[in-house]
There are 2 protein chains.
Amino acid sequence: MSNRGLAFAKPPTIVDVARLADVSKSTVSNVIRNANCVKPEMRARVTQAITAIGYRPNILARQLVLQRTKIFGVVVGDLANPFHAEMAKQIERHASLQGYRVMFVNSQTDMAEAAGLESLLEYRVAGIIFLAHAGMPERTRQLIAGKVPTIFVACKADWGDLVSGDDLQGAKDATRHLVSLGHRRIAYFADPIVEDDADRARRAGYRAVMAEAGLLPIVFHWRRSPPGVLRGNREVTHQEVLHGPKRVTAIFSSNDLGAIELLDWADKLGIKVPEQLSIVGFDDIVLAKLARINLTTVAQPQAKLAELAIDTLARRLAGSLPAPPVRKSVELNMVIRGSTAVPER
Amino acid sequence: MSNRGLAFAKPPTIVDVARLADVSKSTVSNVIRNANCVKPEMRARVTQAITAIGYRPNILARQLVLQRTKIFGVVVGDLANPFHAEMAKQIERHASLQGYRVMFVNSQTDMAEAAGLESLLEYRVAGIIFLAHAGMPERTRQLIAGKVPTIFVACKADWGDLVSGDDLQGAKDATRHLVSLGHRRIAYFADPIVEDDADRARRAGYRAVMAEAGLLPIVFHWRRSPPGVLRGNREVTHQEVLHGPKRVTAIFSSNDLGAIELLDWADKLGIKVPEQLSIVGFDDIVLAKLARINLTTVAQPQAKLAELAIDTLARRLAGSLPAPPVRKSVELNMVIRGSTAVPER
DNA sequence: CTGAAAGCGCTAACAC
DNA sequence: GTGTTAGCGCTTTCAG
């Protein structure tokens with residue numbers, strides 16, 4: 001309601017407050033920064049003046065002198081991917097809760113990522129959060145050097161802090177679920193959009209359980225262009241995988257998106273899921289819950305991952321974390337839905 | 001490769017460049033800002049010095065003196081909603097193309113939106129892009145006042161620029177599609193997560209075509225908590241809508257998410273889509289394309305919407321737009337998939 | 001505990 | 001054309 005008629009008056013600055021409260025700039029500064037050393041009486045006078053003229057500190061000025069911001073740079077993969085979208089949402093939420101703003105840059109291509117990172121660095125972000133990493137690790141490391149703390153969330157990290165789901169355990173659970181249903185020919189399908197490290201860990205979990213059950217591992221790779229599926233470096237057809245004498249009866253996909261593609265695939269070939277083919281995914285994206293999809297999968301606790309990431313980054317900034325990168329992993333839980341069942345006999 | 005061993009040397013400033021090139025600060029400034037008035041020879045000397053010491057302008061300093069940034073504030077709805085996620089992705093992409101960075105704030109609740117907006121304003125964003133709007137319009141307007149240009153993308157706007165799909169036309173097309181298939185009892189399902197204005201326009205399109213075909217409009221509203229469906233203010237059961245003598249044979253949902261919920265609903269009641277029930281959605285989110293969903297819908301050209309939004313905002317900032325808010329609407333196209341068919345007889 | 005003063009790195013008049 | 005200079009609004013020594 002103040003300054004009616006002075007619509008375009010410049011916003012009040014710290015000196016306006018100082019003048020009104022009849023103190024010096026620095027005292028006002030001490031008050032707004034919650035410095036320990038200011039007499040209650042002064043503080044009261046200043047706060048009063050602040051509210052009286054509706055003063056708000058100018059973030060831009062503060063940033064300049066501090067040479068740092070309260071902005072987190074977030075390197076995000078394809079937001080069209082529900083897993084990434086949810087991750088981005090949770091990161092924004094938890095950053096916001098801690099008084100941080102987020103600046104998103106896309107990481108679809110190597111080039112875009114590098115440019116985005118440089119930009120984030122120019123803006124002097126307080127920290128960088130990788131939700132996906134498309135660039136070359138070493139180059140990225142060089143770029144960020146010791147400039148700002150960096151945390152990788154559920155994606156590859158050769159350096160910097162890391163929080164992620166326990167992929168190994170999750171994959172073991174998924175594979176055990178299939179084994180315990182009575183499946184013998186269980187394949188692992190690797191979707192290339194899954195980060196290398198995550199894929200490796202999930203595959204390792206799969207292999208471990210297969211070995212322990214005395215079963216032969218069968219590993220396939222999606223290839224998106226030209227579309228196809230590879231076994232080792234040999235191209236295989238969908239027919240071959242799902243029909244024929246050596247067909248598999250169950251598939252563990254390295255992510256939900258791949259699992260859903262598999263579902264489409266089975267539909268087209270007239271193969272019934274779960275009667276003739278069991279499918280397990282990974283991530284538990286929103287899609288997986290749809291009645292028409294109804295996918296058994298390994299859920300990633302995305303809210304918890306985000307919270308842990310922000311918390312870790314904040315602690316790192318506060319200097320209350322050990323020098324070497326910390327790595328935290330959170331437990332993953334299976335969600336059993338309708339895409340898995342005992343094999344037909 | 002420079003400054004090995006001086007790892008923590010402070011980054012070079014404009015005066016370092018000036019000294020090296022033996023010119024004044026302002027000449028360097030003129031060069032980096034591409035001011036018209038600087039002799040080629042000088043320019044060369046300066047550019048050379050810049051690359052020699054690896055100078056990068058300090059954005060924070062520039063922001064302080066200009067009192068504005070090259071950051072767009074983006075008010076985004078629920079990123080778990082694929083429509084919003086895709087919109088956010090496209091906005092980031094096009095902003096980035098124009099040299100802008102984006103700061104996302106969430107707008108799930110009224111409170112969160114207000115707080116987010118204040119924060120954006122404190123950061124002196126160059127403009128604000130609404131991808132969703134949960135707050136009270138008038139309060140929001142007051143907050144932003146004449147501070148920064150604002151654009152609404154596919155959401156309510158009583159003021160500020162606007163770009164959106166042509167909801168009226170899209171809804172007409174959708175309804176006509178159903179009518180031309182031979183449906184007579186066609187309902188409109190309003191999902192409350194759709195912005196009021198959009199909903200109104202879509203409903204108007206629906207009503208217009210129904211009237212023109214001499215059919216009775218039947219309007220339902222989702223209610224999320226407690227879950228249910230309302231007709232007027234009377235609660236109706238799913239049974240009542242899809243079974244019984246006065247059952248509808250086709251539904252036009254105000255968005256895809258609602259349409260998919262409808263699909264689940266039909267599945268549970270054992271009603272076959274599209275044989276016994278045709279469903280049309282709105283938006284064409286990624287989900288709609290899945291083989292198991294395969295939804296007929298009205299597609300929103302999200303990339304184009306984003307491009308138009310960024311472009312309009314940039315032009316508004318450049319002052320090359322008329323004073324009153326501009327409103328642009330883009331044509332919507334129907335995508336006919338498997339959820340619609342001629343009614344059973 | 002408070003005030004005076006020196007910047008942070010850049011832009012933009014305004015002289016020369 | 002180019003250099004000089006005065007800020008932008010805040011933090012932070014350093015004296016008192």
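Letters go in sequence order (proteins before strands), and every chain restarts at 1.
- In this structure, P40(B) and I59(A) both approach DNA chain D, and ranking their closest nucleotides by distance from the 5' end singles out P40(B).
- The closest side-chain donor-acceptor pair between T312(B) and R316(B), if any, does not fall under 3.5 angstrom.
- We find that CG of N58(A) is positioned 11 Å from P of dC8(D), with the value rounded to whole Å.
- Side-chain atoms of Q67(B) and N58(A) include a donor-acceptor pair closer than 3.5 Å.
- For the pair L64(B) and R33(B), nearest-nucleotide mapping onto DNA chain C gives the more 5' position to L64(B).
- R124(A) places its CZ atom 9 Å from the P atom of dC10(C), with the value rounded to the nearest Å.
- The separation between R45(A) atom CZ and dC1(C) atom C1' is 13 Å, rounded to whole Å.
- Interface remark: the S26(B) side chain does form a donor-acceptor pair with the dG3(D) base, using a distance-only criterion of under 3.5 Å.
- Note on S29(A): a base of the nucleic acid sits closer than 4.0 angstrom, heavy atoms only.
- As judged by a 4.0 angstrom heavy-atom cut-off over every strand, I32(B) is placed among residues touching the sugar-phosphate backbone only.
- Of all heavy-atom pairs spanning L143(B) and L121(B), the tightest one is O-CD2, 3.5 Å.
- For T27(B), whose side chain is taken as the heavy atoms from C-beta onward, the closest listed nucleotide among dT2(D), dC1(C), dC10(D) is dT2(D).
- Atom C1' of nucleotide dT11(D) and atom CG of N34(A) are separated by 15 Å, given to the nearest angstrom.
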Margin query: Using the rule given for side-chain contact (heavy atoms from CB on, under 4.5 Å), can you reason through F83(A) versus Q302(A), listing the C-alpha separation, both sets of side-chain angles and the distance that settles it, and then say yes or no?
Written below: CA-CA 9 Å; F83(A) 181 76; Q302(A) 298 186 278; 3.1 Å; yes
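- Here dG9(D) presents its P atom at 14 Å from CD of Q63(A), a figure rounded to the nearest Å.
- Dense packing is recorded around CZ of R43(B), with more than 12 heavy atoms of other residues, nucleotides or ligands lying under 6.0 Å away.
- Among the atoms of the strands shown, only primed sugar atoms or phosphate atoms (P, OP1, OP2) are found under 4.0 Å from some heavy atom of L66(B).
- The side chain of Y55(B) sits closest to dC10(C) out of dG3(D), dC10(C), dC10(D).
- A straight line from CG of L60(B) to P of dC8(C) spans 14 Å, rounded to a whole angstrom.
- Around atom NZ of K156(A), more than 12 heavy atoms belonging to other residues, nucleotides or ligands sit under 6.0 Å away.
- Q67(B) has its CD atom 6 Å from the C1' atom of dC8(D), to the nearest Å.
- Residue contacts shown for V65(B) include a base, since a base heavy atom lies under 4.0 Å away.
- For DNA chain D, each stem of at least three Watson-Crick or G-U pairs (distances under 3.5 Å) is given as range with range: C:1-16 with D:1-16.
- Going from atom CZ of R19(B) over to atom C1' of dG3(D) covers 16 Å, rounded to whole Å.
- V15(A) comes within 4.0 angstrom of nothing in the nucleic acid, heavy atoms only.
- In the displayed structure, R139(A) atom CZ is contacted under 6.0 Å by at most 12 heavy atoms of other residues, nucleotides or ligands.
- Between F72(B) and Y100(B), the angle of the ring planes stays under 30°, which puts this pair in the parallel group of the 30/60° scheme.
- Put simply, S24(A) has a side-chain N or O that comes within less than 4.0 Å of OP1 or OP2 on dG3(C).
- Along DNA chain D, the nucleotide nearest to K25(A) and the one nearest to V23(B) differ in position, and the one closer to the 5' end is contacted by V23(B).
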